[in-house]
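What you see is a predicted model, and the numbers here were worked out from it, not measured in a lab. Protein chains get the first letters and strands the later ones, always in sequence-line order, with residue 1 at the start of each.
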Amino acid sequence: MSRNATRIGALRERIGDEILLEGWLYNRRSSGKLEFLLVRDGSGIVQCVAVKAELPEGVFARCATVTQESSVRVTGVVREDKRAPSGVEISLRDIEIVGASTDFPITPKEHGPSFLLDQRHLWIRSQRQAAVLKIRHTLVQACRDWLDADGFILADAPIFTPSACEGTTTLFETQYFDEKAYLTQSGQLYNEATAMAFGRSYCFGPTFRAEKSKTRRHLIEFWMVEPEVAFATLDDVMVLIERFVEGIVGRVLEKRREELKILERDVAPLERVRAPFPRVSYDDSARLLRGKGVPFEWGNDFGATDETVLTEGYDRPFFVHRFPAAVKAFYMKRDPGDDRLSLSCDLLAPEGYGEIVGGGEREDSLDRLVERIHEHKLPLDAFQWYLDLRRYGSVPHSGFGMGIERTLTWLCGIEHLRETIPFPRMLNRLRP
RNA sequence: UCCUGAGUAGCUCAAUGGUAGAGCAUCCGGCUGUUAACCGGAGGGUUGUAGGUUCGAAUCCUACCUCAGGAGCCA
């Protein structure tokens, strides 16, 4: 935007002034001797009114030729007007077409998801999509601000890794000069190293899972924030998670009311997000599911429908803790009270959204960790640096990972997480 | 990988064995306060691909392709 242009978001402060607007035509309606031009500039949408009787012939004629998504410079006077969609409108004095747009593919009518995703580079111009991405921006900032204020150091994990972090899921293989490398599926192992350096650390970046998952809850490339804390137990990390989630939800409510309104999100459930969150053990969850007639077997992880049934009982996020060790990663510490269980926890979002956070206490004993690596049939050599963390001043430590897109899907109250990232990477979708 | 469903105009859809249509978008005309504006007119099609059944296929059958939802797996 040029220096002398005014942003639409700031128009209320300029009532009565003649201003310059730089943006794109969102929609146009004409009524004979009137033209209504809806102009957007990324900060909002405003209606510009051209009156034939008050304008030179050429200017009014030009208004009638502006097509959807053409870029324009409009000069005019800011006025309050109840008839305008935003309550403020511009009496148009002049208009310049900067770049014409012909046959913009996304018309102001219904479209299917496949078509819209093909047009994702243009779809993000629409009001709803832009609102979701602005909330994403605020969520990311809130995560970082909250952790920074709590004494965490950002220490990002690498994206190229020599081997699996968790061994179980499918990795993207790539060439690293003369050897094979993989794209990271979690910064977890590296975070344990940085936590031993800084006490509290976190990484925030993209992760990659080459799973053939094809549901509304999966992306191939997604973002996670993963804090790790030295000397913290499972109970400590659950307190950290609930304070963190309360904080970031509060920030989104504070900064993004308008966008939540565009999305028609009922904010009442978000306003109930106050720590402490309920805690329920895996054992009790399994019993609860069976009590409701769900054919759930002890030892399994929860499926999507299991999670939905569980969330029905709560009006705020809640923890499920102490999952069977077999369904969690090798580095999870066993429950000293029951060796079948791990000191792990998931945070499930209410309203049927399900898991947004996974965390727990890590195995801090060198011998037991070596045992786990063997059990999982992982190459011991690749983990020597990780085992060093237990050789040189090992401490109890815990951490968690929060999926940004899943959290956003819940905050925005939308159906599918593909709308929460600017350019989603999914099974069968690498473009645009 | 498996299960279910869908592919017809640029987009969203109708046409259930008998002349392929509507709304929006585009173009032309009309309208001095429109709110996904409205009214009139025009152009726009190898019905996903290949084969088969039939006098006749968008429609029935077979295979394949693409997409969507779900399962498994996960954040």
Side-chain angles (χ1 to χ4, degrees), chain A residues 26-38 45-55 60 64-65 67-69 79 81-87 89 91 101-119 122-123 126-128 165-166 168-171 185-188 206-226 300-308 323 327-329 346-349 353-359 400-410 415-418 420-421 426-429:
Chain A
Y26 195 73
N27 198 4
R28 180 169 60 85
R29 291 182 279 268
S30 80
S31 185
K33 303 196 169 54
L34 288 174
E35 287 282 344
F36 299 94
L37 306 178
L38 290 169
I45 296 182
V46 71
Q47 174 167 285
C48 304
V49 185
V51 181
K52 190 174 187 180
E54 298 171 3
L55 289 169
F60 189 81
T65 67
T67 49
Q68 191 191 355
E69 287 302 324
R79 270 194 301 107
D81 195 315
K82 282 184 185 147
R83 294 168 296 184
S86 65
E89 68 178 23
S91 287
S101 158
T102 45
D103 297 328
F104 190 72
I106 303 172
T107 60
K109 286 281 172 180
E110 287 169 30
H111 299 283
S114 177
F115 172 78
L116 288 169
L117 286 166
D118 286 342
Q119 311 293 333
L122 304 174
W123 190 23
S126 75
Q127 255 194 119
R128 280 182 62 91
C165 283
E166 308 190 8
T168 51
T169 41
T170 327
L171 290 160
Q185 56 185 347
S186 164
Q188 167 59 34
T207 53
F208 308 87
R209 307 267 167 104
E211 290 159 8
K212 305 245 168 172
S213 297
K214 215 187 145 188
T215 77
R216 67 182 71 187
R217 303 159 50 74
H218 285 89
L219 288 173
I220 299 300
E221 178 182 312
F222 66 97
W223 287 65
M224 274 207 292
V225 57
E226 297 177 90
N300 288 349
D301 206 346
F302 299 124
T305 44
D306 302 326
E307 283 191 358
T308 305
F323 283 78
V327 302
K328 290 291 177 185
D346 282 1
L347 185 72
L348 305 200
Y353 283 95
E355 184 179 359
I356 55 172
V357 171
F400 69 92
M402 185 181 85
I404 295 299
E405 290 79 13
R406 282 197 180 170
T407 303
L408 272 169
T409 308
W410 163 53
E415 279 286 305
H416 203 303
L417 91 172
R418 64 191 163 201
T420 62
I421 187 165
M426 300 182 292
L427 198 62
N428 306 327
R429 192 170 287 281

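Centre separation under 5.5 Å together with a plane angle under 30° does not hold for the ring of A:Phe36 and the six-membered base ring of B:rG33, so they are not marked as stacked.
Note: CD (A:Glu226) to C1' (B:rC74) measures 13 Å, nearest angstrom. To the nearest angstrom, C1' of B:rA36 lies 10 Å from OH of A:Tyr26. For the pair A:Glu69 CD and B:rC11 C1', the computed distance is 16 Å after rounding to whole Å. A:Asn300 has its CG atom 14 Å from the P atom of B:rA71, to the nearest Å. Put simply, NE2 on A:His218 is 6 Å from C1' on B:rC73, counting in whole angstrom units.
Straight-line distance between the P atoms of B:rG51 and B:rG43: roughly 33 Å, to the nearest whole Å. Comparing B:rA25 with B:rG10, their C1' atoms sit 7 Å apart, to the nearest whole Å. For the C1' atoms, the distance from B:rC55 to B:rG17 is 12 Å, rounded to whole Å. Nucleotides B:rG48 and B:rA14 have their P atoms positioned 13 Å apart, rounded to a whole Å. Look at the C1' atom in both B:rG72 and B:rG18: the space between them is 47 Å, to the nearest Å. With P as the reference atom, B:rC11 and B:rG45 are 13 Å apart, rounded to whole Å. Rounded to a whole angstrom, the distance from the C1' atom of B:rC60 to that of B:rA42 is 37 Å. B:rA75 and B:rG33 have their C1' atoms separated by 50 Å, given to the nearest Å.
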Check nucleotides 25-32 of chain B against the protein and report each pair of N or O atoms closer than 3.5 Å, with its distance, or say if there are none.
| residue | atom | partner | partner atom | Å |
| --- | --- | --- | --- | --- |
| B:rC31 | N3 | A:Gly32 | N | 3.1 |
| B:rC31 | N4 | A:Ser30 | OG | 3.2 |
| B:rC31 | N4 | A:Gly32 | N | 3.4 |
| B:rU32 | OP2 | A:Lys33 | NZ | 3.4 |

Just the atom pairs and distances: protein N or O near nucleotides 64-69 of chain B's N or O, under 3.5 Å.
| residue | atom | partner | partner atom | Å |
| --- | --- | --- | --- | --- |
| B:rC67 | OP1 | A:Asn428 | O | 3.1 |
| B:rA68 | N7 | A:Lys214 | NZ | 3.2 |
| B:rG69 | OP1 | A:His416 | NE2 | 3.1 |
| B:rG69 | OP1 | A:Arg418 | NH1 | 3.0 |
| B:rG69 | OP1 | A:Arg418 | NH2 | 3.4 |
| B:rG69 | O3' | A:Arg216 | NH2 | 3.0 |

Identify all pairs in which a protein N or O lies below 3.5 Å from an N or O of nucleotides 39-41 of chain B, and state each distance.
none

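Distance check: A:Thr407 OG1 to A:Glu355 CD gives 10.5 Å after rounding to the nearest 0.5 Å. Atoms CZ and CG, on A:Arg29 and A:Leu38 in that order, are 5.0 Å from each other to the nearest 0.5 Å.
Distance from the side chain of A:Phe115 is smallest to B:rU12 among B:rU12, B:rA75, B:rG33. Taking only side-chain atoms of A:Glu89, from C-beta outward, the nucleotide of B:rG72, B:rC74, B:rU34 with the closest atom is B:rU34. Distance from the side chain of A:Arg209 is smallest to B:rA75 among B:rA75, B:rG72, B:rG33. Closest to the A:Arg83 side chain, of the nucleotides B:rC73, B:rG33, B:rG72, is B:rG33.
Summary of the strand contacts: A:Arg29 and A:Lys328 both lie near RNA chain B, and taking for each the nucleotide with the nearest heavy atom, the more 5' one is attributed to A:Arg29.
Below the 3.5 angstrom threshold, one finds no donor paired with an acceptor across the side chain of A:His111 and the base of B:rC11.
Annotation: side chain to side chain contact (heavy atoms under 4.5 Å, CB included) contacts of A:Pro105 (sequence neighbours excluded): A:Phe115, A:Gln119, A:Leu122. Looking at residues two or more places apart in sequence or on another chain, you find a side chain to side chain donor-acceptor pair (under 3.5 Å) between A:Thr215 and A:His218.
Secondary-structure annotation of RNA chain B gives the stems B:1-7 with B:65-71, B:10-13 with B:21-24, B:26-30 with B:38-42, B:48-52 with B:60-64, with a stem taken as at least 3 successive Watson-Crick or G-U pairs whose two distances both fall under 3.5 Å.
Side-chain contact between A:Met426 and A:Leu219 is present, with heavy atoms from C-beta onward closer than 4.5 Å.
A:Glu307 contributes no side-chain N or O that, together with a main-chain N or O of A:Ala349, makes up a donor-acceptor pair within less than 3.5 Å. Within the 3.5 Å criterion, the main-chain N or O of A:Gly187 finds a donor-acceptor partner in the side chain of A:Glu226.
Among the heavy atoms of the strands, none lies under 4.0 Å from A:Arg128. The residue A:Leu219 sits close to a base: some heavy atom pair falls under 4.0 Å.
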